[in-house]
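Lettering of chains follows the sequences in order, A, B, ..., and the numbering in each one begins at 1. As a basis for the values below, the full set of heavy atoms in this structure was taken, side chains included, without hydrogen atoms, waters or symmetry mates. Here the structure is a predicted model, which is why all the values come from computation and not from measurement.
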Protein chains: 2
Amino acid sequence: MPRSRSALPASGPVRFGPGASAVRRPANASIEAGFWYSRQEINAHVSIPQGPELLESAGNLHNLRLAAGTIDGAFRGDYPFVDTDVYKWLEAAAWQLGRSHSDELAGEVGRIVALVAAAQQPDGYLNTWFQLVKDGRRYEDLRWGHELYCAGHLIQAAVAHHRATGGCELLDVAVKFADHLTSVFGPPGSGKPIDGIDGHPEVETALVELYRETGERRYLDLAGYFVDRHGHGLLGGEVYCQDRVPLREAKNVEGHAVRQLYLLAAAADLATETGDAELRAAGARLWRAMTTTKTHLTGGLGAHHAQEDFGDPYELPNERAYCETCAAIASIQWSWRMALLTGESCYSDLIERTLYNGFLAGIALDGECWLYVNPLQVRDGHTDQGGDKSARRTRWFRCACCPPNAMRLLASMEHYLASADDTGLQIHQYIAGRYGDGDGDITVRCETDYPWHGAVALTIEEAPTARVWTLALRIPSWCREFRVKCGSRAYDQTNAPLDGGWLRLEGTWSPGDRVVLELGLEPRLTMADPRVDSVRACVAIERGPLVYCLEGVDHPAGGLDDIVLDATAPLGVKHRPDLLGGVATVVTAGRRRAAADRGWWPYTPADAGPAPDDGEAVELTAIPYYAWANREDGGMRVWLPTT
Amino acid sequence: MPRSRSALPASGPVRFGPGASAVRRPANASIEAGFWYSRQEINAHVSIPQGPELLESAGNLHNLRLAAGTIDGAFRGDYPFVDTDVYKWLEAAAWQLGRSHSDELAGEVGRIVALVAAAQQPDGYLNTWFQLVKDGRRYEDLRWGHELYCAGHLIQAAVAHHRATGGCELLDVAVKFADHLTSVFGPPGSGKPIDGIDGHPEVETALVELYRETGERRYLDLAGYFVDRHGHGLLGGEVYCQDRVPLREAKNVEGHAVRQLYLLAAAADLATETGDAELRAAGARLWRAMTTTKTHLTGGLGAHHAQEDFGDPYELPNERAYCETCAAIASIQWSWRMALLTGESCYSDLIERTLYNGFLAGIALDGECWLYVNPLQVRDGHTDQGGDKSARRTRWFRCACCPPNAMRLLASMEHYLASADDTGLQIHQYIAGRYGDGDGDITVRCETDYPWHGAVALTIEEAPTARVWTLALRIPSWCREFRVKCGSRAYDQTNAPLDGGWLRLEGTWSPGDRVVLELGLEPRLTMADPRVDSVRACVAIERGPLVYCLEGVDHPAGGLDDIVLDATAPLGVKHRPDLLGGVATVVTAGRRRAAADRGWWPYTPADAGPAPDDGEAVELTAIPYYAWANREDGGMRVWLPTT
């Protein structure tokens with residue numbers, strides 16, 4: 001049943017301000033069926049509803065009541081940033097209310113917004129840790145205190161709440177806090193008492209969004225000040241805190257991954273709003289350095305457990321890949337801003353890869369448990385004592401940053417799917433639903449069972465009469481074969497006039513016009529740049545946007561640690577609606593190395609040559625990486641040796 | 001000039017108690033020339049003498065004065081175990097005084113011993129952190145407090161001081177502390193107030209040594225109690241603290257590497273002193289599991305920066321290898337106890353590998369700086385902000401455990417070279433100097449330029465008249481070709497009657513009798529078990545006991561990250577007395593992959609095949625791993641790709 005354009009949710013995050021220089025704006029969209037619809041439904045009906053109970057039992061709401069003075073007791077939680085779990089949940093719930101109103105959820109949101117408002121101090125400041133544990137000694141520990149980080153998530157939640165529901169209760173709190181910040185922070189000579197930045201960026205994107213929501217330029221200016229004061233030693237020059245070098249001079253991403261990515265997202269926002277060409281160039285340069293040298297196949301980011309940071313270029317470990325779920329989210333947020341800013345398709349290539357792999361793996365299929373870190377390998381018999389960094393899914397974490405972050409991304413996924421400009425509509429991601437250009441002139445319906453099948457049928461539902469405009473389709477960079485039919489036009493990979501990954505179909509369109517895209521989903525083997533030492537002589541299985549992995553549970557006799565893939569064997573696809581909520585598996589062949597007792601020392605003369613190829617033949621069943629760790633414990637591998 | 005047997009220093013650490021079941025005892029030895037003599041001289045004349053000044057500037061001695069009440073002020077240092085830096089330095093200085101008396105050093109030792117004694121509380125307790133920072137609240141935080149760990153290092157220092165110099169001043173302090181511990185700690189039902197263990201083992205070996213030094217059985221019993229109470233949940237079951245499972249049931253080493261290894265050294269001590277067969281079997285089982293699955297080629301131990309712990313079996317990363325210098329030291333200490341307990345040569349094989357590689361790499365050639373962690377790879381252009389975990393050598397650390405630990409191991413290296421039993425003398429390590437059987441009946445002089453040259457000439461200097469005894473020589477497990485001449489007997493690898501790595505030469509010996517051993521030092525390429533994913537399709541260069549590496553400084557044009565070794569090229573040896581204090585380099589050939597711009601994504605279809613083999617030919621110069629990071633910053637690699 002066609003829906004009126006008003007049924008499309010408001011676009012956001014990222015809605016440009018009055019002075020924005022970009023010619024592309026985020027379009028709006030609705031997800032109505034298929035792969036991501038199922039994930040959003042679980043998010044709406046399982047993950048988000050269980051939030052308030054978890055925030056209650058972890059003490060986050062208790063702390064707000066303490067700060068409001070309505071109860072007595074001791075602060076609960078181990079970190080100065082526990083308030084953000086509340087704010088991120090509020091943001092998720094707000095976007096969800098924008099997707100589909102629910103009295104019950106709106107009631108929960110209202111109750112918690114009231115708690116937040118009550119905890120705010122008269123001058124706008126709000127941080128339960130500093131109010132309760134640190135005796136109100138504000139801004140004395142900007143490196144570790146996370147006060148502005150918390151402010152940022154509060155502002156983001158407020159913008160979402162206002163943008164999605166029209167409610168002003170939380171926006172009032174956020175504006176009051178933001179106005180307090182503008183009165184406190186500023187460069188030397190500005191007359192403001194503190195020249196400082198937060199060790200954990202986040203307030204910067206939030207302030208830009210608040211500027212977009214309110215039109216108040218001072219928030220944009222404060223964001224710009226914060227972004228540019230990083231890298232000048234205000235935090236001791238620590239790379240962890242993004243203070244070693246200014247972004248404008250940086251050559252590669254570095255330090256704590258989430259901090260780096262949030263800061264870069266803010267830089268992209270600023271470049272968009274102010275036209276700052278240097279900041280735009282820095283973002284493009286750093287994005288490319290990141291993807292070329294510091295990104296896991298899954299889109300996962302962050303190589304180290306210690307420091308949660310990026311490693312050296314090409315340092316991409318598998319079992320110790322950190323790939324924090326929050327970093328995947330931050331990467332999507334930054335890449336989307338770059339996609340809008342530049343129009344280049346590579347940014348949405350990475351968004352697609354990250355959505356289907358590095359991000360989605362962080363969420364259990366049932367929506368009840370989470371992964372904080374997302375390794376690409378778990379050995380047979382891996383010993384795991386649980387905890388935040390476990391390879392087992394966990395219902396909540398001591399540092400619970402990831403679950404509500406994943407909820408807010410899922411609840412706002414519509415915002416990352418399409419863009420619009422004066423030429424028409426650009427479709428970045430293929431989902432079953434509708435895309436609108438945001439002006440209400442154009443609506444396109446999309447029918448697809450992607451990523452399981454490659455057919456994407458696009459039907460024009462609304463279009464301006466007699467105006468020439470362009471429907472641009474992103475041809476994913478992984479795609480080696482495709483066909484497009486559009487009226488009398490027919491293209492494939494041999495003749496399509498691709499423009500940097502975009503197929504631009506120009507014309508006058510009428511309701512009922514159809515474009516059928518068929519993306520080839522033949523499974524493929526992928527290898528890495530030889531500088532990626534961790535996967536030498538290995539390949540990975542991919543199909544469409546999905547990275548695959550082996551799990552021990554599918555290979556019970558002997559586990560995974562001795563498996564060698566036969567790179568010459570065919571790759572078969574089996575659609576398995578019964579498995580893991582419905583997946584396509586990839587089936588191929590390999591062998592399992594014979595066990596050998598090599599004595600007490602595992603290093604032997606190389607001239608003895610490799611062990612004889614006498615392993616038993618084994619059938620290999622690969623599942624999509626995002627679905628791993630949803631059955632019994634066991635090994636897992638993305639990269640498979642071929643020798 | 002032959003030296004009288006009395007010139008051989010006293011043996012220790014590890015001197016068996018009256019009830020010891022082992023038939024092998026540590027022999028004594030002197031190191032008089034060559035490779036290790038030079039290292040010991042630097043230790044004696046550079047490293048140890050700079051200790052007091054560093055302990056002064058870091059605040060350790062200041063804290064002792066505070067505790068003694070002789071000055072006022074605030075505690076300095078970040079950790080509750082800073083006292084151990086003093087104790088380990090005292091132990092190093094004591095062994096050094098045993099090697100060679102110096103009035104100046106003895107004066108420094110006496111001055112610091114007096115500080116320690118003055119800081120001790122009347123009931124024997126001593127820990128400046130708890131006395132000064134924790135208001136005397138003892139034993140409330142055994143998991144993190146390190147009080148018994150500190151006690152252990154105090155006791156070890158006291159035993160060394162007494163054993164090496166005869167001085168009782170520090171031993172009196174240690175006995176008083178140990179007696180206090182025996183009055184406080186004991187199992188339920190023992191009437192002792194606390195049933196507890198320390199999160200960081202160390203007191204256990206120390207108490208066994210104190211038992212050996214004093215003959216007081218209660219210290220041995222307390223050590224046994226501590227060892228066996230690990231793994232029963234007294235520390236929350238934390239694997240990090242060696243509390244997940246009792247040693248007797250454990251299947252592999254796990255948790256914090258140094259803690260695990262100190263605990264295992266104590267278990268070996270207990271098995272030796274009490275004949276506990278189960279503990280002996282557990283030690284042998286865990287040692288083999290460790291060497292087979294969790295030991296780097298260098299002998300380095302500990303796979304993770306976060307937690308400083310062992311990883312899964314075969315999880316042996318290169319650039320993020322932790323391989324803490326202290327873990328190499330602990331491994332040597334444990335292996336030596338196992339060598340004495342079992343007589344098996346594999347333990348001394350690992351000691352040799354660790355001494356020449358994983359341990360020695362921790363000490364700068366000039367003896368002034370140190371490495372805390374010892375990676376096997378540093379990428380070209382590695383960014384390093386310094387600090388404890390830096391890949392640059394550092395003069396002292398915030399957590400300064402490693403430098404004085406390395407000093408005490410070097411100063412007591414004589415203790416790890418030979419053993420004796422009723423059958424005669426067993427030579428475990430080949431150094432230029434003398435070995436004695438500890439009873440004064442047998443002295444053997446050793447002349448060698450090992451590890452640079454393979455010839456080892458052994459001359460009997462003293463021997464019992466007309467008694468048949470056996471001179472046993474360890475043939476290193478890396479050695480594929482050797483020759484031995486002993487009077488009319490001549491052996492090589494084809495006909496030597498090796499007994500588990502030992503060549504046992506039985507006979508009646510007279511002063512002047514000679515055995516000449518020639519160990520083949522042809523350089524070799526080594527590969528790893530295929531389960532070691534980190535080095536797939538790579539080899540390492542070794543020569544004799546030395547692991548080699550490439551350094552960027554020797555390959556200035558283009559660095560190391562694109563180098564591929566030609567596994568078929570000959571390996572040449574160049575003796576370079578001018579280089580790095582005098583080393584033999586290994587020279588061979590490879591090529592450097594041509595730079596390729598692969599776009600923004602480093603993962604490509606595998607069926608595109610490998611890049612064409614069009615790299616330029618390069619000459620490769622490998623240096624001993626222990627000597628890396630003594631010139632300008634740059635890359636380093638032990639494992640080299642061959643494809």
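Neither the backbone nor the side chain of E254(B) comes within contact range of chain A; no heavy atom of the residue lies under 4.5 Å from a heavy atom of that chain. Using a 4.5 Å cut-off between heavy atoms, S534(B) contacts chain A through its backbone alone, with no side-chain atom that close. With a threshold of 4.5 angstrom between heavy atoms, E319(B) approaches chain A through side-chain atoms but not through N, CA, C or O. Of the two parts of W478(A), neither the backbone nor the side chain holds a non-hydrogen atom closer than 4.5 Å to a non-hydrogen atom of chain B.
A donor-acceptor contact shorter than 3.5 Å links the side chain of T588(A) to the backbone of P570(A). Between the side chain of N318(A) and the backbone N or O of Q377(A) there is no donor-acceptor pair closer than 3.5 Å. A distance-only check finds a donor-acceptor pair linking the side chain of N357(B) to the backbone of P545(B) [under 3.5 Å]. In this structure a side-chain-to-backbone donor-acceptor pair under 3.5 Å is present from D388(A) to C399(A). Of the possible donor and acceptor atoms, one in the side chain of K294(A) sits under 3.5 Å from a partner among the backbone N and O of V253(A).
Between L525(A) and L571(A), the closest side-chain pair of non-hydrogen atoms falls below 4.5 Å.
A salt bridge links D561(A) with R637(A): the distance from a Lys NZ or Arg NE/NH1/NH2 to an Asp or Glu carboxylate oxygen falls below 4.0 Å.
Listed here is the closest heavy atom pair of L350(B) and S335(B): CD2-OG, 3.7 Å. Nearest heavy atoms, S390(B) versus V373(B): O-CG2, 4.2 Å. Minimum heavy-atom separation, V378(B) to G634(B): CG1-O, 3.9 Å. Nearest heavy atoms, Y625(A) versus M636(A): CE1-CE, 3.8 Å.
Between the side chains of Y372(B) and E308(B), at least one donor N or O sits under 3.5 Å from an acceptor N or O.
Residues of residues 295-305 of chain B having a heavy atom under 4.5 Å from any heavy atom of chain A, listed by number: T295(B), H296(B), L297(B), H304(B), H305(B). Applying a 4.5 Å heavy-atom cutoff, the residues of residues 236-245 of chain B that approach chain A are G237(B), E238(B), V239(B), R244(B).
Of all the listed residues (R524(B), E542(B), H382(B)), the one sharing the greatest number of non-hydrogen pairs under 4.5 Å with chain A is H382(B). With chain A as partner, the option from R288(B), R353(B), R379(B) having the largest number of non-hydrogen pairs under 4.5 angstrom is R379(B). Top candidate by heavy-atom pairs under 4.5 Å with chain A, chosen from P317(B), A537(B), G311(B), C346(B), is C346(B). Comparing T292(A), V539(A), T643(A) by heavy-atom pairs within less than 4.5 Å of chain B, the highest count is held by T292(A). Ranked by heavy-atom pairs shorter than 4.5 Å toward chain B, the options A540(A), G599(A), C538(A) are led by G599(A).
Atom OG1 of T291(A) sits about 10.5 Å away from atom CG of L286(A), to the nearest 0.5 Å.
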*Take R531(A) and D562(B), measure what side chain to side chain contact (heavy atoms under 4.5 Å, CB included) needs, and give me the verdict at the end.*
CA-CA 7 Å; R531(A) 286 190 173 186; D562(B) 289 315; 2.4 Å; yes

